[in-house]
Amino acid sequence: MNTDPILEARGLTKEFNLRQGMFGGTTRSIKAVQDLNFHIGKGETLALVGESGCGKTTTTRMLLRLQTPTRGSVRFGGEDIHALSGAGLKRFRSRVQAVFQDPWSSINPRVRIRDFVAEPLVVNENLSAREVDRRVHEALDAVGLGPAHARKYPHEFSGGQRQRIAIASALVSRPELIVLDEPVSGLDVSIRSQIINLFKDIQQEYGVSYLLVAHDLATTRYLADRVAVMYFGSIVETGATDDIFEAPRHPYTEALLSAALPSTPGQRRDEIELRGEVPSPLSPPTGCAFHPRCHKLIGEVCAQRAPELRARGGRDVRCHLHDEKPARVA
Ligand code: ATP
């Protein structure tokens, strides 16, 4: 695996303005995503994990250029994606694709599979019909489906086959990065592992990078090289997948993983109950955003000062437990 970044997010921040009150009222701004810094290497899989509402969707939408950041940048292949237009933008749309949980929810049932799979090529590239057919057959083959499927209609396929077809459509433009947003959540448990293995095979064969968003920690453990744990719009810990799963350092990561199955048979994890709810972005906690729910508070500093993300032995952790010296508040 080559670790040159194919994608880099720097200071990525998204604020939403919310109107309050019935008659115009006041406008308040909430921070959905705050100052994210991360990269994805060529052929690498980075997973974003965290509870619902922590900002994963907002982040992936900015990476796919479906949403504009309030501040910060996303560079893909060295170019700022939010500054692209014309041919540069079309090239970006070919090179970055996505597979969602339910990619079929908006598909026209009268569209043949050939046209569904071909869409990214037809929209972003200028190829002859014969070349499009060739690329569609190649993509179907990559997901284990024969060329005869190209003439069929959506209703002729099962859930697992449909997800294979969605993956073929994501592959048809030979992308360098695919965003996998809950890619197996909508599938029967019995076929999830087939699709997860397919992602792995595709990565080995084509060297594509993945950004994975998955609630299911078993999928994350199996597919991801590195994990970024998000809480309340910020990254609180990043590191190699095995390191994070075997020895989480942030109390939130610890709690999140404690609810999952043990990584090694026989290994026991005590479940840590997360107190309370994720805070409202309208009234963010003072200090560390996780402190009202934390089982490892070390003192007033947690409620008074926001911790920084610090590099610690190949890991980045945002917690006062990992400050240089035990933090003190004057
Ligand atoms: P889920 O897994 O439920 O999709 P998530 O981790 O993807 O959650 P986001 O959907 O990115 O989280 O939301 C992050 C925060 O931003 C939440 O507090 C959400 O309410 C808020 N938010 C997201 N989109 C908007 C919007 N268009 N307007 C206002 N607030 C928004």
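When a ligand or atom number is given, it counts from 1 through the structure's own listing order.
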Among Val99, Ile202, Leu140, Val117, find the residue that satisfies the side chain to side chain contact (heavy atoms under 4.5 Å, CB included) test when tested with Leu171.
->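 The passing option is Ile202.
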
Give the table of side-chain donor-acceptor pairs shorter than 3.5 Å for residues 118-125, with sequence neighbours excluded, one pair per line with atom names and distance.
from, atom 1, to, atom 2, distance (Å)
Asn124, ND2, Pro120, O, 3.2
Glu125, OE2, Ser94, OG, 3.0

Compare [options] and give the one whose heavy atom is closest to [atom].
atom	options	value
atom 8 (O) of ligand 1	Pro279, Gly55, Gly53	Gly53
atom 1 (P) of ligand 1	Pro281, Ala32, Ser280, Ser52	Ser52
atom 2 (O) of ligand 1	Lys56, Lys31, Met62	Lys56

Whether [X] and [Y] hold their rings parallel, tilted or perpendicular, with breakpoints at 30° and 60°:
X	Y	answer
His149	Phe157	tilted
His155	Tyr153	parallel
Tyr210	Phe199	perpendicular

To which protein heavy atom is atom 22 (N) of ligand 1 closest, and what is the distance rounded to 0.1 Å?
->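 Ranking protein heavy atoms by distance from atom 22 (N) of ligand 1, first comes Phe16 CE1, 3.6 Å.
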
How far is atom 13 (O) of ligand 1 from its nearest protein heavy atom, and which residue and atom name does that atom have?
->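 The closest heavy atom on the protein side is Thr58 OG1, 3.8 Å.
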
Roughly how far apart are Glu308 CD and Arg318 CZ, rounded to 0.5 Å?
->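 So the CD of Glu308 and the CZ of Arg318 are separated by 8.0 Å.
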
Backbone of Arg315 reached by a side-chain donor or acceptor of Arg312 within 3.5 Å =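 A pair under 3.5 Å: no.
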
Ligand-side contact atoms (ligand 1) for residue partner Glu51, heavy atom cut-off under 4.0 Å =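 With Glu51 as reference, the close atoms of ligand 1 come out as 6 (O).
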
Can you confirm whether something in the protein, heavy atoms only, sits under 4.0 Å from atom 5 (P) of ligand 1?
->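 Neighbour list for atom 5 (P) of ligand 1 includes protein heavy atoms (cut-off 4.0 Å).
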
Take atom 25 (C) of ligand 1 and look for protein heavy atoms under 4.0 Å from it; say yes if you find one, no if not.
->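 Within 4.0 Å of atom 25 (C) of ligand 1, protein heavy atoms are found.
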
Contacts of Arg192 that satisfy salt bridge (Lys or Arg N to Asp or Glu O under 4.0 Å) - sequence neighbours left out =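 Partners of Arg192 under the salt bridge (Lys or Arg N to Asp or Glu O under 4.0 Å) test: none.
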
How does [X] reach ligand 1, if at all, at less than 4.0 Å between non-hydrogen atoms: by side chain, backbone, both, or neither?
X	answer
Met230	neither
Cys54	both
Ile30	side chain
Leu18	side chain

Contact between Lys14 and ligand 1, counting heavy atoms under 4.0 Å?
->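 Per 4.0 Å heavy-atom rule, Lys14 does not contact ligand 1.
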
Would you sort out whether Arg114 and Val132 count as a side-chain contact (heavy atoms from CB on, under 4.5 Å), showing the intermediate values?
-> CA-CA 9 Å; Arg114 184 260 186 210; Val132 170; 3.5 Å; yes

Does the N or O separation between Thr57 and ligand 1 drop below 3.5 Å for any pair?
->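 Checking ligand 1 against Thr57, an N or O pair does fall under 3.5 Å apart.
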
